[in-house]
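Here the structure is laid out as structure tokens; the discussion comes afterwards.
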2 protein chains.
Amino acid sequence: MPFANTEIPGRFQTLLAERGIRMTGQRRAILNVIETAKKHLDAGQILRRARKLDASIDRSTVYRTLGLLKRHGLIDELDLMHLEGEAHYYERKPDRGHIHLACLRCGKIIEFDSDLFESLKAQMEKECGYRIAVARLEVGGYCSKCRT
Amino acid sequence: MPFANTEIPGRFQTLLAERGIRMTGQRRAILNVIETAKKHLDAGQILRRARKLDASIDRSTVYRTLGLLKRHGLIDELDLMHLEGEAHYYERKPDRGHIHLACLRCGKIIEFDSDLFESLKAQMEKECGYRIAVARLEVGGYCSKCRT
DNA sequence: ATTCTGTTGCAACTCTGTTGCAACAACCCG
DNA sequence: CGGGTTGTTGCAACAGAGTTGCAACAGAAT
């Protein structure tokens, strides 16, 4: 299950409205796609799904909306080890940064959560004097099924 | 210092020869560039530097050689938080996976090494049943100077 | 030297993502 | 509710990274 199921439908609309951001039909469609996605989607997939809700949506609008959501910290951009092509994948920003583990053979993605990861971030902040804004840990490997 | 200085010049040539991979002038030039680099380079920068050693080298040869080195696990491919553009950066594979911390304002990259990171990888292998091949932890934040 | 086979340069292409601009539509205010 | 301001959209053209097919070429082994 790629996403926490503590999600309130329409949360994005509320959060954007709170910040005085104009809500349009196209944005609603794109937000809807991202909010209801059951797997990680790239920009092209988001476009295709959004077009089912509003056929006129343009590629550039998807990119601009993804940029908006990124700037407002509502979504995270992932590479998922570039399993296919160079596209980026998007997901709702989880409360707590989690790790993506991709199987390099079958492409299965599992998400992983660990206190150790949090401690590691704390250690980096302390020892390097950086204030961490994003920490992306992406792992490629072979899942148990593919390793027989 | 972006790279361990325990590096033996010509190590790549040796390792590729051991695997029966043909050594050519172009590959030697590209390997040389990567082995002597003092910072992370992207494909375009590698091309420009390699051309100083052999002016006829083509872009595609650089990409094919980088692919070869990646497949043989001699180099790692990094995003460095896509600080500028979408290009990838390359570095010699370190013995021990290290972390890249990028300052989102000044672009400074520092490398970080931690036992916690090793424990985290071990924990993931155990709990997820994956055999980890690559673990890429890239962090964006603000360094002490940029945070005044 | 000859041959075999992997490698290269070239040019054309694909794909992701970006931008300038004129038309348009949210939202606010009266 | 209607009109104006300002942010947003579609479009089309572009930019940049990376890939591919192919003919010519060059290692390496005989």
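Residue numbering restarts at 1 for every chain, and letters A, B, ... go by the order of the sequence lines.
In this structure, B:E18 places its CD atom 15 Å from P of D:dA28, rounding to the nearest Å.
For the 3.5 Å distance criterion, the side chains of B:R64 and B:S60 qualify, holding a donor opposite an acceptor. A:E111 and A:H98 are linked by a side-chain donor-acceptor pair at a separation below 3.5 angstrom, with hydrogens and angles left out of the test.
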Strictly under 4.0 angstrom, non-hydrogen atoms only: write out the protein contact profile of nucleotides 22-30 of chain C, one letter per nucleotide from the 5' end, B, S or -.
---BBS---
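No salt bridge links A:E35 with A:R11; every basic N to acidic carboxylate O contact stays at or beyond 4.0 Å. Using a 4.0 Å cut-off between charged nitrogen and carboxylate oxygen, A:K70 and A:E77 count as a salt-bridge pair. With salt bridges taken as basic N to acidic carboxylate O contacts below 4.0 Å, one links A:R136 and A:D79.
In this model, no side-chain donor or acceptor of B:R59 finds a partner on the base of C:dG9 within 3.5 Å.
No option in A:K126, A:E127, A:E125 other than A:E127 meets the side chain to side chain donor-acceptor pair (under 3.5 Å) test with A:Q123.
A sub-4.0 Å separation between OP1 or OP2 of C:dT8 and a side-chain N or O of B:R27 is present. Side-chain nitrogen and oxygen atoms of A:H88 include none within less than 4.0 Å of the OP1 or OP2 phosphate oxygen of C:dT16.
For residues 60-77 of chain A, proximity to DNA chain D is found at A:S60, A:T61, A:R64, defined as any non-hydrogen atom under 4.0 angstrom from a strand atom.
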